Protein chains: 2
Amino acid sequence: MVSGTDEGVTRWRRVADAIRREIGGAASGDQLPPEMELAARHGVNRHTVRRAVQALAAEGLVRAERGRGTFVAAPPPRLVYPIGPRTRFSENVSANGRTPGGRLIRAERIAADHAASRLLDCAPGAPLHRLETLHVANGVPLSVSTSLFPAERFPGIVQHYAETGSVTEALRMEGLADYRRRETRVTAERIHPLDAEHLASAPDAIVLVSAAVDVDDRDRPVQALRTRFHAERTELVLQPSSA
Amino acid sequence: MVSGTDEGVTRWRRVADAIRREIGGAASGDQLPPEMELAARHGVNRHTVRRAVQALAAEGLVRAERGRGTFVAAPPPRLVYPIGPRTRFSENVSANGRTPGGRLIRAERIAADHAASRLLDCAPGAPLHRLETLHVANGVPLSVSTSLFPAERFPGIVQHYAETGSVTEALRMEGLADYRRRETRVTAERIHPLDAEHLASAPDAIVLVSAAVDVDDRDRPVQALRTRFHAERTELVLQPSSA
DNA sequence: ACGAATTTGTGCGTATGTATT
DNA sequence: TAATACATACGCACAAATTCG
């Protein structure tokens, strides 16, 4: 850290850095001084302190509670979610000792656009089922998925999912004994307001976005899905080779 | 003042929702009205509009440029980064048609704490090299890594990395012909201010955090690393089975 | 049971800094 | 140089939630 000239660095950022250093050696649960005191101590306005504290809260280092104070936050444990050739939500959640659940948010029939037809290896304009599903572990919302299924091959997939709350079960009822993951692409972004509602999350939360294609035993795509995992609640694990 | 029962919803959030609806059907690059006009249109103070626009900017929907205006944002293309048993930064970047580069930010000798000793399968307190490295593609910073190496086994790793800018090369100079990825854990969080500086990024950017362990041909850990990828610039690809 | 004090949250007005045109 | 527009900061006031006498 370059000491001396803080030129080009705003005050609230300097205050945030100062507070971050102070709480570096603090235990989780410890209370910060009131904003007025922090402002006086650093010689700035209370708004400036608030902006600094907001930045720290956004990093997850502190948590402010109205009427009580601001506290050093404890990072919650994440659910460990293995991703591999056989990725199954229910099995992954159960392996963490939690109870899985699923709920259909919305379903509709659409026509395949260019991207979808390429992913699912079908003709553009082919009929698809588009399912919006919510997945929970021990009642805590974990992820929201948008799934695309070929409608002609799986005509009853929507009803089967609504009944069972499981993609694996629904596909089995459609006569597909097994499927496997072909490829998974992962990135991260800020949560969408609609997803924030479903995931019962802060509007500024972060999601891990997993775009994947599942195929049958003859390598034909059966599902293209885009899952948004709540980043604070999830840790994806990639085990490269079980072979 | 908006009539109706919006009880419990703050004003800036209502304005943000209104603007979000307005730009829903706008093309990327379109300019938003000035803040003063938005304020007048929604009957609120300019500060309230600013807070709303900040929320939209945090979602990535708009991009505010000082002195010019606020624009509907376009998402930039991401570098595709495969992760598997043989994850090599240089090869991954080259495969995208870009030129890889690396730079040593900082190196120090530390003693293994509990977590490090478990990851590297060594005694607590064992000497380690801790390297902070920056990785770029076509001059654009992509990721920052913190790597831990057993100091006794690889005494010259720091100098070798500084010379070559490549972990693979540095380990080869230490007599290790090959290594492979044992496991990779991925999550996402807000960027750390120091990393934001190194990655030449906005202070509120998102990083994909990849925690991994590399092992030699006898399954002994050679490196534990924690890489923070700039999420807007990276897409991790997991190909489950090359076998 | 109730109100005062404390503390964070929200909003307005204003002044100033700084980058772009 | 001047005008415009976003960025930062300050001061004040009040609301909302909590704590405590």
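Just so it is clear: chains get the letters A, B, ... in the order the sequence lines come, proteins before strands, and each one is counted from 1. All of these numbers come straight from a predicted model, not from anything done at the bench.
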- Message: I need a per-nucleotide contact map over nucleotides 13-21 of chain D, read 5' to 3'. Cutoff is protein heavy atoms under 4.0 Å; write B for the base, S for backbone only, - otherwise.
- Response: B--BBBS--
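Residue B:R50 places its side chain closer to D:dC6 than to any other of D:dC6, D:dA9, C:dG9.
Atom CG of residue B:L208 and atom CG of residue B:L236 lie 5.0 Å apart, to the nearest 0.5 angstrom. Considering NE2 of A:H230 and NE2 of A:H135, their distance stands at 15.5 Å, rounded to 0.5 Å. Taking OG1 from B:T133 and CG from B:L104, the interatomic distance works out to 7.5 Å, rounded to the nearest 0.5 Å.
What you find for B:G84 and B:R181 is that their closest heavy atoms are O-CB, 3.2 Å.
With respect to A:R50 and A:E35, a salt bridge is recorded, a charged nitrogen being found less than 4.0 Å from a carboxylate O. Ion pairing between A:E22 and A:R41 holds under the 4.0 Å rule for side-chain N and carboxylate O. With respect to A:R226 and A:E189, a salt bridge is recorded, a charged nitrogen being found less than 4.0 Å from a carboxylate O. By the 4.0 Å N-to-carboxylate-O rule, B:E91 lies too far from B:R88 to be salt-bridged with it. Under a 4.0 Å N-O distance rule, the pair B:R63/B:E232 does not qualify as a salt bridge.
Taking for each of B:N45 and A:Q31 the nucleotide of DNA chain C with the nearest heavy atom, the 5'-most of the two is the partner of A:Q31.
Within the 4.0 angstrom heavy-atom criterion, only backbone atoms of the sugar-phosphate kind lie near A:V44; the bases stay farther away.
The distance from atom CD of A:E65 to atom P of C:dT7 is 14 Å, rounded to the nearest whole Å. Between B:Q54 atom CD and C:dG11 atom P the separation is 13 Å, expressed in whole Å. In this entry the distance linking CZ of A:R51 with C1' of D:dA7 reads 7 Å, nearest Å. Rounded to a whole Å, the CZ atom of B:R63 is 13 Å from the P atom of D:dC6. The nearest whole Å value for the distance from the CG atom in A:L38 to the C1' atom in C:dT8 is 12 Å. Counting to the nearest Å, the P atom of D:dA7 and the CZ atom of A:R14 are 19 Å from each other. Atom-to-atom, CE of A:M36 to P of D:dC10 comes out at 12 Å; the value is rounded to the nearest Å. Rounded to an integer number of Å, the gap from CD of B:E35 to P of C:dT14 is 17 Å.
Between its opening and closing five pairs, the helix from C:dC2-D:dG21 to C:dT21-D:dA2 changes axis direction by 0°, a value rounded to 10 degrees.
For the pair A:T70 and C:dT8, the criterion of a side-chain N or O lying under 4.0 Å from OP1 or OP2 is met.
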